[in-house]
Amino acid sequence: MFIADKYDVIVIGAGHAGVEAALASARLGCKTLLTTLSLENLAMMPCNPSIGGSAKGHLVREVDALGGEMGIAADKTCIQFRTLNTGKGPAVHALRAQADKKIYQAFMKDVCENTKNLDLKQLLIEDIFVEDGKVTGVSAETGEFFAAKTVILASGTYLKGRIIVGESIFDGGPNGQRAALKLSDALKKLGVKLMRFKTGTPARVDARTLDFSKMEIQNGDDGMQNFSFMTETPANNQVKCYLTYTNERTHEILRKNLHRAPMANGIIEGVGPRYCPSIESKIIRFPDKERHQLFLEPEGLNTTEYYVQGMSTSMPADVQIEFLHTIPGLENAKIMRHGYAIEYDCINPTQLKPTLEFKNIDGFFSAGQSNGSSGYEEAAAQGLMAGINAAAKVKNFEPLVLKRSEGYIGVLIDDLVTKGTGEPYRMMTSRAEYRLLLRQDNADLRLTPHAIKIGLANPERTEKFEKKLAEIETATKILNEKIITPSVEVNQKLSAVGFPEIHTTMRLAELMRRPGVTYDKLKEIFDLPEISPAAAAQVEISFFYEGYIKKQLELAEKTDRLESKIIPENIDYNEIQNLRLEAREKLSEIRPRSIGQAGRISGVSPADISVLLVWIESRRK
C-alpha cells in the first residue's frame, strides 16, 4: 500500500449524496476526492426517472437555495414538469419533474469534472483508517491509500448489496453494478452499528410493445415551473406520461404466487420502505382494494424504456410477465429489465451528530441512503449538509445545522439523528411542524442567507436574491402604508378587474388579504412598482396567510428557545438525580445537542426535560 495522494475531504460514493457533498466541499475551497465504482454511473437514477414530488420537491428547492446542484440539473434535463397538490394550500404544493436519466448523469458528470478543487476517481474503497479516534484516510482495492482530514460515507445501497429476483439471488448494486462487499466489515471494526434494509424497483418495459390508447394521458403543466431559483426559462414539457391500473386478475395471479415471493418465503431479510411498498405487499396490506394506480414514465428522450411506477416487485421473472400482461395497455408488453429487490447495509443514524459527523469518530461523516433514508432528494440534501460541515471542520468555521423551523432539511436530519429509523426513511410534509413557513416557494428567503454567509452562493445568485428581497420589502412597505378612499373612480377600477367595491377607507394591505386579489391587478389600479412574478407571489402569500404565518412563527420562536439551550458535550447523565433510568439510557446513547433535541427523543418525558433544565441551570450558576 502506498500513499497515492492527500485530500481535505474524501467522498465515498458518487450518487446524489456523494455528488452534492463533493461539490459543496470543493466549492468551499477544500481539496476533494470523489470516488465511485463507475464513473459512467455518477449521479445515476437507478429507480424512478423523476426528481421532486410531495415534500421531496421542497428538499430540492432547499438544496438549490443553499447552493446545491440538483435543482439546476433537474431543470436542465427535465422532459416534463408538473405541480402536485394544486387543489390545496401553498404549504403542500410540490413540483415534480420527469428527467432524462442519461442526460441528467452526463450533466452532473460534466459539472463535477469542471469544478475546481475536485478530483474524480473510479475506485472501490475497502477500508477506512482511524487513529486516536480521528479519521486519517481510506484505502482502495487497488492497494492505494488516500490520506484525508475528513471522510464522507455516501455508499447508497452498495454496502453488501444483494439483488433478488424471485429465486435468483446474487451480489450486486443497482442496475447491475458491483457491490461493496468489504466496507461493511471495515465499518464494524470501527464500532459502527449497521442495519439491514431493502428497497426495490419495478420492471422497465419497451414502449414499442405498449398500447397507450388504453391508458389515461398525464400531460405536463404549462407556465414557468422550475426547481432552481437561478433558472429563468420555462419548463420544457416534451413527453407524456400515462396512467393505468391493476385489476382483480392481476391480484389473483399475485395471490396465487405469494409463496414464491422473496418477502414471504424468508429470502429477503432486510426491512423495506413502508411508503413505497412492492406490488405484492400492496396485495397483502390492502386485500379489499380493487385496483392500484400504475404510471408509465419514459426513462428519457432517446430510449424506448418506460418505468412502471407503482409496480415495484421482486417476484420471479415468469410471474412478473404474467401479471404485467393483465394490465390495460400492457397486454403485449415486453420487459427490458425485470423488477428486483436489493438488500443492503446502512448505519444506525443515531450514531451521528446533527452535523452528520459520527459522534465517536472525529472527521468521519455519513450521508444519504447509507444513513437509512430513501430517495434521491433526501440523499442530495444530506450530502450537501455533510459536504458543508466537512469543509467547516477543515476550514475551522462554524458548522451549519438547520433548525426544524428553517427547512425540511432540518426536519430530515433531526429525525434521523434524534429518533433513528426502523425502515427506509422518506420525507413527507406531515413530518414538518411548520409547513406554512417551509413552503417550496420561499426556500431561498429561508436558506440563501446561509449560502451567502458560508460562501456557497456565487455572485449571480447573491445579486438575484438581494434584488428579489428588495422588491418584496418595497412592495410590502407600500401596501402597508398606502391608504385608499372609496370613490366612484376607485370602485369602477376595482369592478373592472373583478374585485368587490370598497365602502370604507383602508390600507392596500387589507385589500391584498382578500381572496382572489393579486399584486399585478392592484398594480394596474394603484400604480404600484413593477416587481418579478416570484416576488409578487411572496407578497400575495405573506398577506393572505398573515395570521396563520404569525401563529407558526410564534410557535417556532418558543421552540427555538429550547433549541438555544445547549447541553454540555461532556455531560454524564448518570450523575443527574431524578432522571428516569430509560431517559438516562436514551440521552446517553443519542447525546442530544440541545434541550429541544432531547425533548424529541422517544423515551424522554417532559418531566425528564424539567430535571435536565434544572441541572443545567444549577451548573451554570
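What you see below is based on every heavy atom in this structure, not just the backbone, and it leaves out hydrogens, waters and symmetry mates.
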Mark yes or no for whether D362, through its side chain, and G133, through its backbone, hold a donor-acceptor pair below 3.5 Å. no
Salt bridge between E378 and R426, side-chain N to carboxylate O under 4.0 Å? no
Is the closest side-chain donor-acceptor distance between D100 and T77 under 3.5 Å? no
Are K76 and F107 in a cation-pi contact, defined as NZ or CZ under 6.0 Å from the six-membered ring centre and within 45° of the axis? no
Looking at E113, I want to see if its CD is surrounded by more than 12 non-hydrogen atoms of other residues, nucleotides or ligands under 6.0 Å. yes
Tell me, with the steps shown, if E423 and M195 meet side chain to side chain contact (heavy atoms under 4.5 Å, CB included). CA-CA 9 Å; E423 62 189 73; M195 307 182 294; over 6 Å; no
Under 4.0 Å between a side-chain nitrogen and a carboxylate oxygen: does that hold for E569 and K353? no
Is the shortest distance from a Lys or Arg side-chain nitrogen in D414 or R404 to a carboxylate oxygen in the other one below 4.0 Å? yes
Hey, does S54 have a side-chain heavy atom less than 4.5 Å from the side chain of M428? no
State, without any angle test, whether N348 and T350 hold a side-chain donor-acceptor pair at a distance under 3.5 Å. yes
Would you say K109's side chain and L39's backbone share a donor-acceptor pair under 3.5 angstrom? no
Any donor-acceptor pair under 3.5 Å from H16 side chain to M44 backbone: yes
Heavy atoms only: give me the nearest R96-S50 pair and the separation to one decimal. NH2-OG, 3.0 Å
Before accepting this row, confirm whether a basic side-chain N of the pair D119/K31 lies closer than 4.0 Å to the acidic partner's carboxylate O. no
Is the charged tip of R431 near the ring of Y425: under 6.0 Å from the six-membered ring centre and within 45° of its axis? yes
Whether K393 and E398 form a salt bridge (side-chain N of Lys/Arg under 4.0 Å from carboxylate O of Asp/Glu) is what I want to check. no
For S594 and E563, which I'm curious about, is there any donor-acceptor pair between the side chains at under 3.5 Å? yes
Is E232 salt-bridged to K464, going by a charged N under 4.0 Å from an acidic O? yes
Report yes or no: do N389 and E357 form a side-chain donor-acceptor pair below 3.5 Å? no
Please tell me whether N371 and S366 have a donor and an acceptor in their side chains that are separated by less than 3.5 angstrom. yes
Any ion pair linking K149 and D8 (charged N to carboxylate O, less than 4.0 Å)? yes
Check: N226/T231 side-chain N/O donor and acceptor closer than 3.5 Å: no
Side-chain H-bond candidate by donor/acceptor type, Q122 with T36, under 3.5 Å: no
Donor-acceptor contact present, side-chain Y376 to main-chain G52, <3.5 Å: no
Could you check whether T32 and S25, counting side-chain N and O atoms only, form a donor-acceptor pair closer than 3.5 Å? yes
Would you say the side-chain atoms of R461 pair up with the backbone N or O of D64, donor to acceptor, closer than 3.5 Å? yes
K182 bridged to D127 by N-O distance under 4.0 Å: no
Indicate yes or no: does R600 engage E433 in a salt bridge with an N to O separation below 4.0 Å. no
With a 3.5 Å distance limit and no angle check, can you tell me whether E126 reaches the backbone of L183 through a side-chain donor-acceptor pair? no
Got a second to check how far N458's CG is from R27's CZ, nearest 0.5 Å? 8.5 Å
Looking at A451, is its backbone amide N or carbonyl O close enough to the side chain of T448 to form a donor-acceptor pair, meaning the two atoms are under 3.5 Å apart? no
Taking atom types as modelled, is there a side-chain donor on Q225 or T83 under 3.5 Å from an acceptor on the other? yes
Hydrogens and angles aside, do Q351 and N360 bring a side-chain donor and acceptor to less than 3.5 Å of each other? no
For the backbone of A91 and the side chain of R439, can you confirm whether one donor and one acceptor N or O come within less than 3.5 Å of each other? no
May I ask you to decide if Q369's main-chain N or O and T157's side chain share a donor-acceptor pair within less than 3.5 Å? no
Salt bridge between K134 and D132, side-chain N to carboxylate O under 4.0 Å? no
